[in-house]
2 protein chains.
Amino acid sequence: MDEKGVDSIMNILVESRIRLVIADDHEVVREGISAILSHQPDMRVVGMASTGPDAVSLCGRREPDVALLDLHMPQTDGVETIKQIGDVSPQTRIVVVTVYDGDEYVRRAIKAGAISYVLKSAPREDLLLAVRKAHLGLRHLSGGVVDGLAATRGEPVLTPREREVMELIAEGLSNHDVAVALNVTLRTAKAHATSIFRKLVVTDRTQALRVALRRGIVRWM
Amino acid sequence: MDEKGVDSIMNILVESRIRLVIADDHEVVREGISAILSHQPDMRVVGMASTGPDAVSLCGRREPDVALLDLHMPQTDGVETIKQIGDVSPQTRIVVVTVYDGDEYVRRAIKAGAISYVLKSAPREDLLLAVRKAHLGLRHLSGGVVDGLAATRGEPVLTPREREVMELIAEGLSNHDVAVALNVTLRTAKAHATSIFRKLVVTDRTQALRVALRRGIVRWM
DNA sequence: CGCCGCCTCCCCCCTTCGGGTGATGACAAA
DNA sequence: TTTGTCATCACCCGAAGGGGGGAGGCGGCG
């Protein structure tokens, strides 16, 4: 093979690399993911962002094959960001990379359009596999995530109204204040609370807050 | 200057680099910190660990100038790890690198022997500055951390017993169960709870849990 | 020494919470 | 249509939570 042939093959290889965008508010994490991925011969990081809106506009401009996205960024609703990226760059597969393994986070992210969910604590193989599978349109979930989902499978899910009440409880509101906030009577607020406690298998609002935080039913800051 | 001269100067430079150990349970974070620091001409990463005990033994073997330590690692008490590193490698300066900005975390880490406290969300300059200052024995705190400490300065501090009660409350125990757990009467448990609520400026245990989590008075998982 | 903070316990009082049980209308799926 | 879920509201009632005040022992500290 002559020089030209090698060159064109090289070009094809470079051009066919998986084009990646990384979005995370922690610089060390961006650098870490970038360091791991950009050493892969079949991958290429084409942009990084540190906020949700930046990530959206970046994906709109670069239209990457895969976007790695942290759900938790300041002034950013992770789920909303996923949807917006889907709007501006429909062919981009979104891999959520985060520390949260609450099953509600996973559920919502997947529902919003994310194809995969990888934990920051996962080994790098997991991350690499998720990216490559995502590029092929295949779903991939970190081990811990799958366990979490399996453990809660079949468990009752909070209704929208109940989740709303749960969020107010998580903010420290009493049943009375919840009732006022939602423009319902105290009885109704209590009924929702009781239903929530039953579903979360707890006996009071403090325990409910614990479970809701762990499960990702309410977000923390 | 001849070749040999250049070589020996290079050797001196390399040998005089700040020797670093990185401990974090998230591989992407380890890689990120490593990527940022190892590109600095005056720094050199001599080891990485992913658990507290590993970090301790690693510091014992390598005796680095600076150890970057995440407070939150599985099966690991961050404060205890700091103390142990101080024991096995007294000349190592410990820089805590973490996501938590609760002032109690900072207080405890500093008290246990950490010289600095940097947030993962801080810009890389902050991290680099902290490492260089730590090497010189100078304290450095991330901006957000300083604010957090300033905001709570002069505020009442929970007594040891109160913190103990707060932790039980955070685990979802009722006043009665707290009393049983601590082998005191219900009145005493309630008295502690009341005192805690007054100090945290809240009206009930659910709000107390919120504040305690945010302030780092109790740890989450 | 006296003072103060901490921990312990006690009293009374009222509010809030949570369980049990039941009911209504709305709306959607089968 | 029947069935089911959801959201709303209701009653009773015991348990728990929380505020107020007070008090004794104990240890540190000026």
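Any value given below was found using the heavy atoms of this structure, including those in side chains, with hydrogens, waters and symmetry copies removed. Each chain gets a letter, A, B and so on, in the order its sequence line appears, and its residues count up from 1.
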Any salt bridge (Lys or Arg N to Asp or Glu O under 4.0 Å) involving residues 59-75 of chain A? Give me the pairs, sequence neighbours left out, ordered by first then second residue. A:D70-A:K120

Using modelled atom types only, decide if a donor and an acceptor are shared between the side chain of B:S116 and the backbone of B:V95 within a distance under 3.5 Å. no

What integer distance in Å separates A:R187:CZ from C:dT16:P? 13 Å

All pairs passing salt bridge (Lys or Arg N to Asp or Glu O under 4.0 Å) where residues 157-172 of chain B contributes a residue, at least two apart: B:E104-B:R163, B:R161-B:E164, B:E162-B:K199

Using side-chain contact (heavy atoms from CB on, under 4.5 Å), reason through B:L128 and B:M43 one step at a time and then give a plain yes or no. CA-CA 10 Å; B:L128 294 171; B:M43 299 181 191; 3.9 Å; yes

Side chains of A:H140 and A:D126, donor plus acceptor under 3.5 Å: yes

Just to confirm, is there a sub-4.0 Å distance from OP1 or OP2 of C:dC7 to any side-chain nitrogen or oxygen of B:T188? no

To the nearest 0.5 Å, what is the distance between CG on A:N183 and OG1 on A:T188? 11.0 Å

For A:T194, enumerate each residue passing the side chain to side chain contact (heavy atoms under 4.5 Å, CB included) test, keeping only those at least two apart in sequence or located in another chain. none

What does nucleotides 12-28 of chain D look like as a protein-contact string, B for base, S for sugar-phosphate only, - for none, at under 4.0 angstrom between heavy atoms? ----SBBS---------

Just by modelled atom types, is the B:D42 backbone N or O under 3.5 Å from a matching donor or acceptor in the B:R17 side chain? no

Taking OP1 and OP2 of D:dA7, is either one under 4.0 Å from a side-chain nitrogen or oxygen of A:T159? yes

Where the side chain of A:R205 meets the backbone of A:L173, is there a donor-acceptor pair that is under 3.5 Å apart? yes

Using atom NE2 of A:H192 as one end and atom P of C:dC17 as the other, report the distance to the nearest whole Å. 15 Å

Output the rounded distance in Å from CD1 (A:I196) to P (C:dC17). 13 Å

With the threshold set at under 4.0 Å for non-hydrogen atoms, list the residues of residues 160-169 of chain B touching DNA chain C in residue-number order. B:P160, B:R161

Report, one pair per line, the protein and nucleotides 23-30 of chain C atoms (nitrogen or oxygen only) whose separation is under 3.5 Å.
none

So, taking the atom named CD1 in A:I82 and the one named OG1 in A:T92, what distance separates them when rounded to the nearest 0.5 Å? 13.0 Å

Just by modelled atom types, is the A:I217 backbone N or O under 3.5 Å from a matching donor or acceptor in the A:R108 side chain? yes

